[in-house]
Amino acid sequence: MKLKTHILLLFSIFYFLFSSHRLFSQNSDSIMIHRIFSEALSNNTAYKNLEYLCTKIGGRICGSPQSEEAVRWAKKTLDGMNLDTVFLQDLRVRHWVRGSQEVVIVNPGKKTGFWLNTCAIGGSVGTGAKGITGKVVEVYDFEDLKKMGKEKVGGKIVFFNHPADPTFFYTFNAYGGVVKYRVFGAAEAAKYGAVAVIVRSATLAHDDYPHTGILHYADSVKQIPAMAISTNDADKLSGLLKREPGAELFLQMVNIEQPEVVSYNVIGEIRGTEHPEEIIAFGGHLDAWDNGEGAHDDGAGVVQTIEVLRLFKALGIKPKRTIRVIVFMDEEMDQRGAKAYAVYAKQMMNTGSVAFEHHFAAIEADRGGFTPSGFSIDASDETVNKIQSWKSLLLPYGLYSFEKGGSGVDIGGLKPLGTALFALVTDSQRYFDYHHSPNDTFDKVNQRELQIGSFSIAALVFLIDKYGL
Ligand SMILES: [Zn+2]
C-alpha cells in the first residue's frame, strides 16, 4: 500500500473509534437521563414535601415562628436522606410582623364609601392604631410624582397606579417594569411630603388579590406607611378619582419591626468521589411571604433541589464532584441567607488545603414550579457553548432554551468566585398571578410540572458533574 492509503486507513480507524465512543457515551447519557426522568416522574416525594411545607407550615417570612419550623423541617428532611453531610449555617434576619388588621376605605364615613382588598407592603411601618385619613392623588410613575411636586403631594396619600405591561412574552420583564413602585414608592413619595402610599399590585392578573413584597426606605427620608391594593380595586379607585378628584382614603395597619433574630440556611450534600472540593450547588429559598403558602415562591424550588439529591441516591449515581443543596433563608426581605452563604463560600476558597472548596457551578430554582423550558446561564461563552452541546440530550424533555442571561439573587454572590451560574427557566405566564399573594397555595402547583423541574436540575447537575464546564 502507498503511504497515502496507509494514512487514509489510519485516519478512518481513528475516526471510527472516536465517533463510536462519542455515540456510545451519548447513548449511555441519554439512557441515564431517561432513568433520572423516570424516577423523578414516578416518585411523589417532592410533591409530598411541598404539600407539607405549604399546608402544614404555610407562610414563613424570615424571623417568624413558621420560618423556624420550616428550618427544622428542612433539616429533618435532609437528615433522613442518608447524605454525607447536613448542617445549618446561622445568620441574623429581620423580624417584621404584619398587623392583624389591614384596612383601606375609600370615602370613609360616606354612603358611597367602600373597602379595598389590601395588604401591607413588606417592611412597611404601620399607620398607628388610629389609622391615617387623607386625600388621595393618583400618579402613573415617578415622573408624574415629580411634576406634581410638594405642592400637590404634600399631606396626601399617593396612589401609584402603573399597570404591568402585558405585551412582554416573558412576564418577569413586565414585573421588572412595575416592581419599583412597590419597592421605592414610599421613599419617593415621602420626599414630596406624602403621608402614605398605596400601590397597584405588581401582577398582570386582573383579580382581587393584593400582592405584597419588600420595600426600601431611603435613609434621609421619613418612613411612611405603604399598602398594596388588588388590580381590580386599583382600576375601581382610578375610575372613581376621575369622577371625584377630591376622594379621601382611610388607611390602617399595625405592623411592628421586632428585634432581629437568629435563623439558618439548611445545607446537605453528597461528597464527590474524585473532586470533593469542587462544589456543584443548587437551591431555592425557604422563606415565603406570610400572606400565602409560598408554593410557587419558593416552596417549589426548595423541594425540587432537595429532590436532586434524592434522585442521585435512588439511582445510585456517585458524583465525581460534591453536589450540594442550599435551602436559603431570607430571600424576600434582605437576602441575609444568600449573603452569609457567599461569605462562607469565599472563606472556604481561601482556607488551607484541608477545607478548600471551589464553587464550580450553582443553580437557582426560584421562578415557580411550572413547566421548565431550560436554563438561563450567567457564565463565559465557552460554558454556554458547552451546555448547548448537550441540548440533544435534554430536548426530549422539553428543555430547549440554554441562553446567556441572569441567574438569581440567592446565588448571585458566588459570581466573583468564578462560579458558573444557572437559573431554571419555567413557563412564566401564570407566575405573577400567584407571586406574593394569598393565591400562592399548594393546589396551584401541578405535580408533573414540579417533578419535571426536579428532573431538569438533576439532569444538568449530572452532565456538569460528568463533563465539567
Ligand atoms: Zn422567590
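Note that ligands are numbered from 1 as they come in the structure, with each ligand's atoms numbered from 1 the same way. Below, each value reflects all heavy atoms present in this structure, side chains not excepted, and no hydrogens, waters or symmetry copies. Bear in mind that the values here come from a model prediction, so they are computed numbers and not experimental data. Heads up: numbering here begins at 1 and tracks the sequence.
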Per residue H285, nearest N, O or S atom to the Zn ion (ligand 1) is named NE2
Would D297 count as a contact for the Zn ion (ligand 1), in the sense that one of its N, O or S atoms lies under 2.8 Å from it?
yes
For Y431, which residues count as a ring-ring contact (aromatic ring centres under 6.0 Å, His included) partner, sequence neighbours excluded?
F172, H435
Does the ring centre of F160 sit less than 6.0 Å away from the ring centre of F142?
yes
Is the Zn ion (ligand 1) less than 2.8 Å from an N/O/S atom of D366, whether that atom is in the backbone or a side chain?
yes
Just wondering, more than 12 heavy atoms not from K313 lying within 6.0 Å of its NZ?
yes
Examine H435 and say whether one of its N/O/S atoms is closer to the Zn ion (ligand 1) than 2.8 Å.
no
Is a side-chain donor or acceptor of D141 paired with a backbone partner of H162 at a separation under 3.5 angstrom?
no
